[in-house]
Structures are given as structure tokens and as C-alpha cells.
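Accompanying notes for the structure given below.
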There are 2 protein chains.
Amino acid sequence: MCMVSRWEPNARGRLVEAALALYVERGFEQTTVMEIAKRAGLTERTFFRYFTDKREVLFWGAASLQELFVDTLRSVPESVVPIDAVAATLNVVAGVFQERREFALQRQSIIAVNPELQERELIKLASLTAAIAQALRSRGADELAADLVAHAGIAVFKVAFEGWVASAGTNDLAHMFSESFAELKLATGAGA
Amino acid sequence: MCMVSRWEPNARGRLVEAALALYVERGFEQTTVMEIAKRAGLTERTFFRYFTDKREVLFWGAASLQELFVDTLRSVPESVVPIDAVAATLNVVAGVFQERREFALQRQSIIAVNPELQERELIKLASLTAAIAQALRSRGADELAADLVAHAGIAVFKVAFEGWVASAGTNDLAHMFSESFAELKLATGAGA
DNA sequence: TATGTTGATGTCAGCGAGTGACATCGCAGC
DNA sequence: GCTGCGATGTCACTCGCTGACATCAACATA
């Protein structure tokens with residue numbers, strides 16, 4: 001009578017939750033898609049309607065992270081040089097990760113022990129790099145500079161994020177980003 | 001009588017050759033491991049004794065590339081600052097790619113159209129990055145600087161290599177590396 | 001009210017990647 | 001000649017993933 005729908009709502013969310021729990025409990029490889037689907041009250045086939053593969057369920061947030069990056073970057077005045085615009089963007093992004101500290105750490109602990117998941121993470125970061133480069137180009141940066149600055153920004157992100165995770169999220173991520181940027185400028189500027 | 005061995009020699013080489021040919025002929029996804037093995041005169045099971053998976057056959061050279069990188073880096077005098085040591089190393093590496101131009105381009109054309117292969121390429125480059133960072137640390141660089149310079153070097157490598165492939169290998173790779181390094185220094189140094 | 005359409009889900013059959021266990025058999029050393 | 005070894009083959013199996021088709025509540029519309 002008052003059933004709003006034929007099925008429980010938020011199937012995708014239930015699948016994410018179930019997958020995360022099982023990956024933590026028994027590891028990624030030891031978890032089958034059928035188990036995830038069963039726990040979410042769905043079938044294996046339905047899992048693959050929501051996620052292209054077993055790994056993707058852990059990277060559902062990648063698209064919104066990319067969106068955040070690009071939108072933030074666009075909001076920085078064009079007078080700011082690319083490298084500083086990226087630094088400013090990372091500063092904003094840091095907040096998002098600190099807010100979701102627990103989730104980020106748990107997720108990273110799953111990825112850290114599985115090469116397949118690391119591969120997926122790397123290609124998401126590559127996609128992010130391309131998006132940043134594109135955004136820089138539309139700010140007027142030339143091709144080569146846009147690509148290199150985007151890569152530099154992601155390098156800083158990777159290195160600092162890794163350090164943040166190693167500190168169990170106790171350090172200030174934005175501060176680590178700044179430090180890494182400073183070190184990068186120092187290390188690249190010292191030559192020649 | 002004069003059979004040197006019970007089996008044809010160089011099984012691994014035959015598998016690589018067969019795989020490459022088939023990947024070019026009909027694409028990576030459309031090729032089954034059984035087909036590769038058959039063409040090499042072996043069985044599917046034997047393929048998996050030589051390569052952990054279907055993708056790895058295209059990345060057999062990654063280990064020697066990493067070795068080349070690290071050895072070359074070690075041979076640069078310690079008085080040279082990290083970023084310049086990496087630049088010098090890339091200069092040497094460029095030669096290896098120019099020598100194998102045809103192979104490199106063909107291989108890249110296979111990888112370029114397949115996300116799975118791109119993922120594998122990225123994790124190989126990540127491994128290379130870690131090895132470079134380690135080599136820099138053993139040259140006396142501090143943790144953070146080593147990581148960042150290694151990432152910067154690989155970023156230059158990626159961007160310039162991409163450009164080289166786009167030019168069908170007609171440009172001078174070493175020159176493109178230099179240009180990218182210069183641009184990176186400019187772009188990171190311009191801020192603050 | 002009857003009827004048709006839609007969209008999320010289920011069912012089923014199948015392919016191909018990858019693995020473990022065991023068999024085979026030439027070759028090298030004893 | 002016997003024996004152990006190492007490279008290969010055979011077989012059976014799990015699991016990720018896909019295509020084709022069925023189901024069925026909800027909704028629209030006549």
C-alpha cells in the first residue's frame with residue numbers, strides 16, 4: 001500500500017557498503033561478487049549493471065573528486081600562474097579528505113595490499129591529470145606547460161597523501177601539500 | 001638425432017612474438033591466450049608459466065628498463081644534484097628507445113587503445129618511480145626530495161614520450177626530454 | 001477499468017582468464 | 001642403466017564478466 005517502490009531503494013549504495021565491508025573483512029581477492037550482491041540483497045548480474053567491474057566499486061568517488069578539482073581550478077583567478085593555481089586547488093581538496101578521514105584511510109588500506117586496485121587507482125589519477133591539464137589549457141597555459149604542471153600537481157598530491165596516510169591522518173594534509181610544493185620548487189630550481 | 005633438446009628453444013620469446021603479432025592483427029581483447037599459445041606451439045597452461053597474465057607479455061622489458069635507469073643513475077657523479085642526475089639519465093634512456101623505434105611505436109599503438117594495458121603501464125611506471133627515488137636516496141637525497149624528483153622525472157618522461165610517439169618517432173627524444181625539463185623548471189619556478 | 005509501456009531486477013547459459021594437481025618424458029649425473 | 005629434475009601437457013575447476021530473455025510493479029493513457 002505505502003510501498004514507494006517495488007525494491008529497496010539505493011541499490012548502488014548498498015552494493016558499495018557491502019563490498020567495502022567484505023573487502024575489509026576478508027580482503028579483495030577473497031571476496032566474490034556473488035557474496036557482495038547477496039549481502040546487498042541483489043544478484044551478481046545486478047552488481048555488474050551498477051559497476052563495470054569488481055574494482056570499480058571502490059572508485060565511485062573518483063568522478064566527483066575530478067569534478068571538484070576542475071571546478072576549484074576554474075574558480076582561481078586567471079592572473080594566478082598555473083603552478084600556484086594547482087597549489088590553491090590542492091588546498092581546497094585537502095579539506096575534503098580530512099573530512100572523510102576514516103573512510104579515506106580504510107579505503108587506502110584495502111588498496112595498499114592489492115596491485116589490481118593500485119592499477120585502477122593509477123589510471124584514475126591519470127584521468128585526473130588529463131582533466132587538470134585541460135583546465136589549465138582553458139586558462140591559457142600552453143600545451144606542454146599544462147601537461148607538466150598537471151603532472152607536478154598530481155605528484156605532489158600522491159607523495160603528500162602517502163605521507164598523510166602513513167601518519168594515520170594525524171598530520172595536516174593541506175600543510176603537507178604546501179611542504180611538498182615547496183620542496184618540489186626547491187628541487188627543480190636548484191639545477192642549472 | 002641432432003635435436004638439441006626435447007622442445008623448440010626460446011619458448012618465452014616465441015610467446016612474446018606470437019602475442020605481439022596477434023595483438024596487432026586483431027587487437028588485445030579479441031585475442032585469447034589459447035590462440036597465442038597455439039601459434040607459439042605451446043599450450044595455454046605453459047603461457048601462464050612464463051607470464052603471470054595476458055597483459056604481462058607486453059611488459060617483459062620493463063624490468064630491464066628499470067635496471068637501465070637505476071644503473072645509469074648510479075653512474076652519475078654524486079656532486080650532480082638529483083634533478084640533473086635524472087635529466088642525464090633520461091638522456092641515456094632516450095637512445096635505447098630511438099634504437100628500438102619500430103618496436104616501441106608498435107607496442108604503444110597496442111597499449112593506446114586498451115585501458116587494461118594502460119593500467120599495467122602505469123603501475124610499471126610507478127614501480128620505476130619508486131626505484132628512481134630509492135636510487136636518489138642512496139645518493140644522499142632526503143626522502144621527500146627523492147620522491148618528488150623521481151615523480152618529476154617520470155612526468156617529463158611520460159609527457160615527452162607521448163609527444164615523441166605522436167610525432168611517429170621522427171623527433172629527437174633526448175631533445176624532447178630536455179625541452180620538457182626546461183619547461184618544468186620554468187613552470188615550477190615562476191610561482192612565488 | 002483495461003491495456004500498453006517502461007525500468008529495475010532476476011535467470012540462465014556461456015566464454016575466457018587464471019590456478020592447482022598430477023602425468024609425461026627427454027636429459028644429466030651418478 | 002637407474003634416477004631425479006625440469007619443461008611441458010592434461011584436466012578439472014573457480015570466478016569475473018556478458019548477452020539474451022523473462023518478470024513484474026508502477027505509471028500513463030485511452
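Below, chain A is the first sequence line, B the second, and so on; all start at residue 1. Only heavy atoms go into these numbers, but all of them, side chains included; no hydrogens, no water, no symmetry mates.
Distance, A/Y50 OH to C/dG10 C1': 13 Å, rounded to whole Å. Atom CH2 of A/W7 is separated from atom P of D/dC27 by 12 Å (rounded to the nearest Å). Regarding B/E8, its CD atom lies at a distance of 16 Å from the C1' atom of D/dG9, rounded to whole Å. Whole-Å rounding puts the B/E35 CD to C/dC15 C1' distance at 12 Å. Per the geometry, CD belonging to B/Q30 stands 14 Å off C1' belonging to C/dC15, to the nearest Å. Rounded to an integer number of Å, the gap from CG of A/L15 to P of C/dA8 is 14 Å.
Applying the under-4.5 Å side-chain rule to Ile, Leu, Val, Met, Phe, Trp and Tyr, the cluster around A/M34 consists of that residue alone. Through chains of ILVMFWY side-chain contacts below 4.5 Å, B/V76 is grouped with B/V80.
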Per-nucleotide protein contact string for nucleotides 11-22 of chain D (B base, S sugar-phosphate only, - none; heavy atom under 4.0 Å): ----SSBBBB--
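Remark: A/T43 is not in phosphate contact with C/dT11, judged by side-chain N or O atoms under 4.0 Å from OP1 or OP2.
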Show me the donor-acceptor pairs, under 3.5 Å and distance only, between side chains in residues 51-58 of chain B and residues at least two apart or in other chains.
unit_1	atom_1	unit_2	atom_2	d
B/D53	OD1	B/R55	N	2.9
B/D53	OD1	B/E56	N	3.0
B/D53	OD1	B/R120	NH1	3.2
B/D53	OD2	B/R120	NH1	3.2
B/D53	OD2	B/R120	NH2	3.0
B/K54	NZ	B/F28	O	3.0
B/K54	NZ	B/T31	O	2.7
B/R55	NH1	A/E119	OE1	3.0
B/R55	NH1	B/E116	O	3.4
B/E56	OE1	B/R120	NH1	2.6
B/E56	OE2	B/K124	NZ	2.6

Donor-acceptor pairs under 3.5 Å, side chain of residues 172-180 of chain B to any protein atom, not counting sequence neighbours: which ones?
unit_1	atom_1	unit_2	atom_2	d
B/D172	OD1	B/Q98	NE2	2.8
B/D172	OD2	B/H175	N	3.1
B/S178	OG	B/A174	O	3.1
B/S180	OG	B/M176	O	3.2

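Listed by chain and number, the residues in a ring pair (Phe, Tyr, Trp, His ring centres under 6.0 Å) with B/Y50 amount to none (sequence neighbours excluded). Legend: residues meeting salt bridge (charged side-chain N to carboxylate O under 4.0 Å, His left out) with A/R14, ordered by chain and number and at least two apart, are absent.
Within residues 107-126 of chain B, no residue has any heavy atom closer than 4.0 Å to DNA chain C.
With no hydrogens or angles considered, a side-chain donor-acceptor pair links A/T43 and A/T46 at under 3.5 Å.
Counting only residues at least two apart or on different chains, no ring-ring contact (aromatic ring centres under 6.0 Å, His included) pair has a member in residues 114-156 of chain B.
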